[in-house]
There are 2 protein chains.
Amino acid sequence: MRLTTRSRYGTRMVLDMAQHGKNGLVRIEDIARRQDISAKYLEKLVRQLKGTGYIKSRRGPNGGHALAKPPGEITIGEIVRVLEGTPSLVDCSGNSQNCPRLEECLTHRAWQEVTRVMYEKLDSITLEDLLESPRPCSLEKNPENP
Amino acid sequence: MRLTTRSRYGTRMVLDMAQHGKNGLVRIEDIARRQDISAKYLEKLVRQLKGTGYIKSRRGPNGGHALAKPPGEITIGEIVRVLEGTPSLVDCSGNSQNCPRLEECLTHRAWQEVTRVMYEKLDSITLEDLLESPRPCSLEKNPENP
DNA sequence: GCTAAACCTACCATGGAGGTAGGTTTTTGG
DNA sequence: CCAAAAACCTACCTCCATGGTAGGTTTAGC
């Protein structure tokens with residue numbers, strides 16, 4: 001059970017845009033160089049995020065990409081959801097009813113709950129949170145909760 | 001980002017043991033039939049769980065497997081941890097320091113936090129909880145938390 | 001000592017993640 | 001108007017872990 005590189009690279013990408021795009025557009029090539037990720041690969045990620053409205057772009061010379069919303073209004077949960085094709089930890093945990101064992105499946109609800117708390121956490125972290133976190137970054141907004 | 005079938009099959013397997021092993025051992029063949037999972041595959045899973053002390057076995061005729069502890073004392077977090085080789089959602093999120101970007105990695109802490117809350121939830125659910133959950137199972141022990 | 005079960009080692013296949021190649025289209029600046 | 005810079009697009013490739021199988025060997029009960 002791992003996050004794919006899509007989510008991780010994608011998050012670093014939008015974070016890079018937030019950092020370097022204060023006053024304008026950011027070129028894929030620049031992100032690729034700074035983050036040490038293949039530009040071609042970033043292209044694919046940017047396309048997905050553009051399709052869902054998180055990024056706007058302009059072509060041609062002096063073109064580039066930028067976040068469509070301020071960093072404080074984009075959570076990493078949103079990014080991860082877009083880039084991981086699969087919204088749930090297990091197939092049967094979604095609303096799809098294609099699991100023949102659903103009725104007798106004691107575990108179903110458990111996976112659902114775990115998926116929920118995971119995205120709850122992801123949705124509580126905005127790009128701005130990440131930018132503002134001091135290094136070494138302690139993200140503790142709700143220290144140990146209870 | 002998905003749970004592997006190892007975790008899911010494994011959880012169903014130990015759950016089956018809890019259900020049918022009240023007074024004795026459970027044969028792999030029987031679990032395989034009831035859960036509709038290949039016996040050979042279950043063999044592999046049982047071996048991993050045996051290695052970590054969650055299952056005890058007896059060979060020969062009338063042999064079989066049983067949980068080494070009562071269902072109330074085994075969490076699905078423990079099962080998942082054993083069967084997913086990888087304890088963290090991302091490589092760099094463990095204690096391993098092999099990520100060259102660690103210092104400048106704003107996202108590191110976030111993945112760590114998400115991994116933590118996920119296992120926190122997994123560790124809060126025992127096999128007994130699953131057995132006792134009414135169908136359709138509402139697992140809400142702490143309804144919406146806060 | 002026969003049989004039932006766990007136990008073990010090795011192997012295989014397939015999908016999808018991760019990455020690359022080679023373009024086409026839009027836009028700007030000279 | 002043209003050339004260059006950037007986004008945009010389609011197609012392909014490689015690799016390896018997951019998921020699964022085959023064919024045994026060892027232990028123990030009758």
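Lettering follows sequence order; numbering is per chain, from 1.
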Expressed in angstrom and rounded to an integer, what is the separation of A/Arg47 atom CZ from C/dT24 atom C1'?
12 Å
Side chain B/Lys44 and base D/dG20 donor-acceptor under 3.5 Å:
yes
Between A/Thr5 and C/dG18, does any side-chain N or O lie under 4.0 Å from OP1 or OP2?
yes
Atom CG in B/Leu122, atom CD1 in B/Ile79: separation rounded to 0.5 Å?
11.0 Å
Taking CG from A/Leu45 and P from C/dA17, how many angstroms apart are they, rounded to a whole number?
12 Å
Distance check needed: C/dC7 P versus B/Ile28 CD1, whole Å only.
8 Å
Can you find a side chain N or O atom of B/Asn62 that sits less than 4.0 Å from OP1 or OP2 on C/dA4?
no
Pair A/Arg116 + A/Glu120, salt bridge at N-O below 4.0 Å:
yes
Is the phosphate of C/dC7, meaning OP1 or OP2, less than 4.0 Å from a side-chain N or O of B/Ser57?
yes
Quick one: which of D/dG20, D/dG24, D/dC8 gets closest to the side chain of B/Tyr41?
D/dG20
Hey, any chance A/Tyr41 and A/Leu15 share a hydrophobic cluster, counting ILVMFWY side chains that come within less than 4.5 Å of each other, even indirectly?
yes
Please determine if a side-chain N or O atom of A/Arg27 lies less than 4.0 Å away from the OP1 or OP2 oxygen of D/dA6.
yes
Carboxylate-amine/guanidinium proximity below 4.0 Å for A/Arg6 and A/Glu84
no
Distance below 4.0 Å between B/Arg58 side-chain N/O and D/dG29 OP1 or OP2
yes
Take the protein atom CG of B/Leu83 and the nucleotide atom C1' of D/dG19, then report the distance between them rounded to whole Å.
14 Å
Under a 3.5 Å threshold, yes or no: a donor from one side chain and an acceptor from the other, between B/Thr126 and B/Glu73?
no
Would you kindly give the NZ-to-C1' distance between B/Lys40 and C/dC8, to the nearest whole Å?
9 Å
Choosing from C/dT27, D/dT21, D/dT10, which nucleotide comes nearest the side chain of A/Pro61?
C/dT27
Between A/Gly60 and B/Arg59, which has a closest nucleotide on DNA chain C that is more 5'?
B/Arg59
Taking only the side-chain heavy atoms of A/Thr4 (C-beta and beyond), determine which of C/dC7, C/dT20, C/dG18 contains the nearest atom.
C/dG18
In whole Å, I'd like the distance from the CG atom of A/Leu42 to the P atom of D/dA6.
15 Å
Given D/dC8, is OP1 or OP2 found less than 4.0 Å from the side-chain N or O atoms of A/Lys50?
yes
Given D/dA6, is OP1 or OP2 found less than 4.0 Å from the side-chain N or O atoms of A/His65?
no
Proximal nucleotide (of D/dT21, C/dA6, D/dC9) relative to the A/Glu43 side chain
D/dC9
Hydrophobic clustering (ILVMFWY, side-chain heavy atoms < 4.5 Å, transitive) - are B/Ile55 and B/Val82 grouped together?
yes
Which whole-number value in Å describes the distance from B/Met13 CE to D/dG20 P?
14 Å
At under 4.0 Å between heavy atoms, what does A/Arg6 touch on the DNA or RNA strands: base, sugar-phosphate, or nothing?
sugar-phosphate
Measure CD/B/Glu29 against C1'/C/dA6 and give the value in whole Å, please.
11 Å
